[in-house]
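Report on one structure; see the data block that follows.
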2 protein chains.
Amino acid sequence: MKSPPVRGRRQGRSTSRELILASARKLFAERGFTATSLREIARDAGVDPALVHHYFSGKDELFNACVELPADPGEVLADASKTPAAERGEALLRALLTLWDSSAQPALVALLRSATGSTPQSSLVRTVLFKRVLSQVLAGLPGNDDELALRGSLAASTVMGLMMARYLLRIQPLTSATHDELVAWFAPTLQNHLIGPLPDTSNTPARHGPGPESADGVF
Amino acid sequence: MKSPPVRGRRQGRSTSRELILASARKLFAERGFTATSLREIARDAGVDPALVHHYFSGKDELFNACVELPADPGEVLADASKTPAAERGEALLRALLTLWDSSAQPALVALLRSATGSTPQSSLVRTVLFKRVLSQVLAGLPGNDDELALRGSLAASTVMGLMMARYLLRIQPLTSATHDELVAWFAPTLQNHLIGPLPDTSNTPARHGPGPESADGVF
DNA sequence: GTTTTAATTCATCACGTGATGAATTCCTCT
DNA sequence: AGAGGAATTCATCACGTGATGAATTAAAAC
């Protein structure tokens, strides 16, 4: 028989706040922001829904607390930014993989998933993240602004593709590959994007991209 | 003043079904499945919510109708699969870009967005899509199964990164680039993934991937 | 030892959701 | 002209959501 839960404070030191955060990170990462309810989180954490409101005053703030990374990405990338340009691609990739395979993984997955949305949070999150991360990665590289924007977007596209395949969609053999294997497969491309020669696009006649409604300039 | 809507059937031929589909595609693509409500769709289409249930019996079926592509991707990719291996990368990329810049775009964006989720629909959709698309792309390429799985996942990762950057996140300059520019930037990598030499990964000591909970084998 | 503060649950609120069945108006077929 | 069906809206239903305030119990502060 199930003992009815007692009211009031429990004995001993409480871990509820951490339990809630862990469950929230997990579920936000799995299902995304909107599709995850506070009550599911509370159920997963074995806690009353109202307790969530007690610690984090609402769903938005809970989410913010979730994506507040355990490790500062700027710090992690700082080392990579200091390596010589010839090895910047590999260094960047290794730093990112180490970060993503750390305890920060659920938060990062939640971030990436939410960044693909177009809610207010998403666009804020991705603007901030892209500006912070990319500006750091591109720091000190040669080239004018247009060229750097191109290089940055190529690198971002490659990294996003890898992270999505490995951590979100869990496509084999990328998911179970070692860092060394991934570096062997992706670092050359990344390196090329960052400081390699840009392909010739001199004959570019007409634009037929996806229309002008790409309003919010991320860069 | 706003004229109160009349009840009953309107005069003339009705376009409501198409209006609903268009709004649904748009909103599903923008916000994702769960975050989009039938009432929003109906409002956007200028239609009573119950009409949505009349045409498509529920939300799930509406979504299915939405991602039922106007163009058959298999057909589009068939041509690319018939080009000689040396140009397969460029052909594939051009075929995909043409498809994504067609009227199928909202449906494809909805598909991609939903594929990043982990609801029942998502995993079904992505399993089917990956199996169909990838098997077609890899058809006739040399190599054993393991090698082809690796090549496929590398190519998928690159293509996904590009599609996310260009159509979901709308990162400049990828969003407004021409097909020729994108081909110049991405086709070499893709070509390498498909039939180029695979980098040496002979010294691969330890596995430290994201754990064994990568249960559902997409491949 | 008493008071204050933190942790926890309960009961409830207003609201939006997806769904259903009936009512009304028009079109098409005979 | 009349009958049957398709298109459209209305009035609901049960349910889940995020949020709030009060009640209860334990720990901390004094």
Side-chain angles (χ1 to χ4, degrees), chain A residues 1-25 27-28 30-67 110 114 117 119-121, chain B residues 2-25 27-28 30-66 110 114 117 119-121:
Chain A
M1 34 175 139
K2 191 155 143 230
S3 54
V6 274
R7 268 176 99 164
R9 186 173 185 160
R10 299 299 126 79
Q11 294 199 22
R13 150 186 144 284
S14 167
T15 62
S16 304
R17 199 192 141 93
E18 279 67 33
L19 288 177
I20 293 173
L21 261 181
S23 295
R25 284 217 180 85
L27 293 175
F28 280 147
E30 280 175 6
R31 315 220 238 270
F33 180 77
T34 333
T36 305
S37 79
L38 289 181
R39 296 162 131 96
E40 284 177 293
I41 294 172
R43 205 177 311 129
D44 187 274
V47 145
D48 189 277
L51 200 57
V52 178
H53 275 89
H54 176 251
Y55 281 119
F56 314 89
S57 53
K59 196 182 179 183
D60 292 332
E61 202 180 302
L62 209 209
F63 184 79
N64 289 340
C66 280
V67 297
S114 85
T119 62
Q121 304 115 347
Chain B
K2 190 152 143 237
S3 55
V6 272
R7 269 176 99 164
R9 186 172 187 160
R10 299 300 126 79
Q11 296 198 21
R13 152 183 143 286
S14 167
T15 61
S16 304
R17 201 192 137 94
E18 279 66 34
L19 288 178
I20 293 172
L21 260 182
S23 296
R25 283 219 179 86
L27 293 175
F28 279 147
E30 279 177 5
R31 315 218 238 271
F33 179 77
T34 333
T36 305
S37 79
L38 290 182
R39 296 163 132 96
E40 282 175 295
I41 294 172
R43 204 177 311 129
D44 187 273
V47 144
D48 189 277
L51 200 57
V52 179
H53 276 90
H54 175 250
Y55 281 119
F56 315 88
S57 54
K59 196 182 180 183
D60 292 332
E61 203 180 300
L62 208 210
F63 183 79
N64 290 339
C66 280
S114 85
T119 64
Q121 303 112 350

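Just so it is clear, the values below take in all heavy atoms, side chains as well, and ignore hydrogens, waters and symmetry mates. The chains referred to below are lettered A, B, ... by the order of the sequence lines, with proteins before strands, and numbering in each begins at 1.
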Ignoring hydrogens and geometry, is there a side-chain-to-backbone donor-acceptor pair from B:Glu40 to B:Ser37 under 3.5 Å? yes
What does A:Gly46 touch in the nucleic acid at a heavy-atom separation under 4.0 angstrom: a base, only the sugar-phosphate, or nothing? nothing
[X] has an atom [atom1]; how far is it from atom [atom2] of [N], in whole Å?
{"X": "A:Leu19", "N": "C:dT8", "atom1": "CG", "atom2": "P", "result": "9 Å"}
{"X": "A:Arg13", "N": "D:dA27", "atom1": "CZ", "atom2": "C1'", "result": "14 Å"}
{"X": "B:Leu51", "N": "C:dC26", "atom1": "CG", "atom2": "P", "result": "16 Å"}
{"X": "B:His54", "N": "C:dC26", "atom1": "NE2", "atom2": "C1'", "result": "13 Å"}

Want to settle it: does A:Arg9 or B:Ser14 sit nearer the 5' end of DNA chain D, counting the closest nucleotide to each? B:Ser14
Could you run through nucleotides 17-22 of chain C and give me one letter per nucleotide, 5' to 3': B if any protein heavy atom sits under 4.0 Å from the base, S if only the sugar-phosphate is that close, - if neither? BBBBB-
Quick one: closest heavy-atom pair of A:Ile20 and A:Val47, and the distance? CD1-CG1, 4.1 Å
Taking all non-hydrogen atoms of both residues, which atom of B:Arg25 and which atom of B:Cys66 are closest, and how far apart? NE-O, 2.7 Å
How about A:Pro49 and A:Leu38: do any of their side-chain heavy atoms sit closer than 4.5 Å? no
As an exercise, state the distance from CG of A:Leu21 to OG of A:Ser16, rounded to the nearest 0.5 Å. 11.5 Å
Looking only at side-chain N and O atoms, does A:Tyr55 come under 4.0 Å of OP1 or OP2 in C:dT8? yes
Parallel, tilted or perpendicular: which one describes the rings of B:Phe33 and B:Phe28, with boundaries at 30° and 60°? parallel
Has the side chain of B:Arg10 got a donor or acceptor atom sitting under 3.5 Å from an opposite partner on the base of D:dA7? no
